[in-house]
Amino acid sequence: MQFSEIISERFSVRSYKNKPVEREKLMQVLDAARVAPSAVNYQPWHFIVIEKPENIEKIKLVYPREWISTAPVVIIACSDRTQSWKRKTDGKDSSDIDISIAVDHITLQATELGLGTCWVCNFDVQKCSELFLIPKEIEPVVLVPLGYPAVEKPQKKRKSMGEIVHWEKF
């Protein structure tokens, strides 16, 4: 699949087939995150892979939507703010940007492999940290359900180029 096809084919999947993700594919997805760029190459991330059914059920305690339990894998993408680069002029912390790039790599690699994903940021971060024994300095930022889609790709609604692109000035 060409890159332009991958980015066009990716969509948020909220229903998965009852089919496990092969370890080889899962490792390819995780490796895509591993090689993602980050500010000053600090790589301030950790990925917790959830596969056991009892732990997938725990995910529903932090994100109480039934559909998430249809995913055979959920990756908890975390940032380590103690390891991230901070811009000197204003102290901007790059960790959210860095983890977003890594998660985007996950979603695109998954798409190329015929897998589906969904960005989930609306979850109980504190409860997630407690349930999955995440250290205080590590912040869970995104839940990424992963598996074979049980639905077809919907029509995407996107703004026109004229609405988002500005030449030379705003």
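Small disclaimer: the values here were computed from a predicted structure and weren't measured.
- For K92, the NZ atom sits in a loose shell: 12 or fewer heavy atoms of surrounding residues, nucleotides or ligands are nearer than 6.0 Å.
- Using a 4.5 Å cut-off on side-chain heavy atoms (C-beta onward), R10 and S12 make contact.
- Pairs engaging residues 158-168 under the salt bridge (Lys or Arg N to Asp or Glu O under 4.0 Å) rule: none recorded [sequence neighbours left out].
- Counting non-hydrogen atoms of other residues, nucleotides and ligands closer than 6.0 Å to CE of M1 gives a total above 12.
- The shortest distance between side-chain heavy atoms of F11 and P154 falls below 4.5 Å.
- The OG1 atom of T107 sits 11.0 Å away from the CD1 atom of I7 when rounded to the nearest 0.5 Å.
- Residues F123 and V141 approach most closely at CE2-O, 3.4 Å, considering heavy atoms.
- Just one residue in the list R87, K88, K86 forms a salt bridge (charged side-chain N to carboxylate O under 4.0 Å, His left out) with D90, and that residue is R87.
- With sequence neighbours excluded, the residues that form a side chain to side chain donor-acceptor pair (under 3.5 Å) with E66 are K60.
- In this structure, T117 and V29 have side chains that are not in contact, with every pair of non-hydrogen atoms separated by 4.5 Å or more.
- Shown here are the ring pair (Phe, Tyr, Trp, His ring centres under 6.0 Å) partners of W119, two or more places apart in sequence or in another chain: there are none.
- For N18, there are no side chain to side chain contact (heavy atoms under 4.5 Å, CB included) partners at least two apart in sequence or on another chain.
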Side-chain donor/acceptor pairs under 3.5 Å, residues 32-42, sequence neighbours excluded:
residue: R34; atom: NE; partner: D31; partner atom: OD1; Å: 2.5
residue: R34; atom: NH2; partner: D31; partner atom: OD1; Å: 2.8
residue: S38; atom: OG; partner: Y42; partner atom: N; Å: 3.3
residue: S38; atom: OG; partner: Q43; partner atom: N; Å: 2.9
residue: N41; atom: OD1; partner: Q43; partner atom: NE2; Å: 3.1

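- Annotation: side chain of F47 is not in contact with side chain of V144 (no heavy-atom distance under 4.5 Å).
- Relative ring orientation between Y63 and W67 is described as perpendicular, the plane-to-plane angle rising above 60° on a 0-90° scale split at 30° and 60°.
- Distance check, rounded to the nearest 0.5 Å: CD1 of I48 to CG of L133 gives 8.5 Å.
- For the pair I75 and L30, the minimum side-chain heavy-atom distance is below 4.5 Å.
- Partners of L61 by side chain to side chain contact (heavy atoms under 4.5 Å, CB included), not counting sequence neighbours, listed by chain and number: K127, L131.
- By the rule that hydrophobic residues join a cluster once side-chain heavy atoms approach within less than 4.5 Å of another member, L113 and V151 end up as members of separate clusters.
- Legend: residues meeting side chain to side chain donor-acceptor pair (under 3.5 Å) with E130, ordered by chain and number and at least two apart, are Q126.
- Annotation for K17: atom NZ does not count as buried by contact number, only 12 or fewer foreign heavy atoms lying within 6.0 Å.
- Residues that satisfy the ring pair (Phe, Tyr, Trp, His ring centres under 6.0 Å) test with Y148, not counting sequence neighbours, are absent from this structure.
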List the steps and the verdict of side-chain contact (heavy atoms from CB on, under 4.5 Å) for I76 and I59.
CA-CA 10 Å; I76 305 171; I59 291 288; 4.2 Å; yes
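- Applying the side chain to side chain contact (heavy atoms under 4.5 Å, CB included) rule to I56 yields the partners I50, S69, V74; only residues at least two apart in sequence or on another chain are considered.
- Between P140 and S129, the closest side-chain pair of non-hydrogen atoms falls below 4.5 Å.
- If you take CZ on R23 and CD on Q28, they are separated by 13.0 Å, rounding to the nearest 0.5 Å.
- Heavy-atom contacts from other residues, nucleotides or ligands closer than 6.0 Å to CD of E54 number more than 12.
- For E9, there are no side chain to side chain donor-acceptor pair (under 3.5 Å) partners at least two apart in sequence or on another chain.
- No side-chain donor from either of E5 and Q2 sits under 3.5 Å from a side-chain acceptor of the other.
- Partners of S95 by side chain to side chain contact (heavy atoms under 4.5 Å, CB included), not counting sequence neighbours, listed by chain and number: S79, R81, S84, D93.
- Taking CG of D96 as the reference point, atom CD1 of I101 lies at 11.0 Å (rounded to 0.5 Å).
- Rounding to the nearest 0.5 Å gives a distance of 9.5 Å between CD of E139 and CD1 of I99.
- V120 has its side chain out of reach of V142: every pair of non-hydrogen atoms, C-beta onward, lies at least 4.5 Å apart.
- The side chain to side chain donor-acceptor pair (under 3.5 Å) search around T82 returns D80, not counting sequence neighbours.
- A distance of 14.0 Å separates CZ in R65 from OG1 in T70, rounded to the nearest 0.5 Å.
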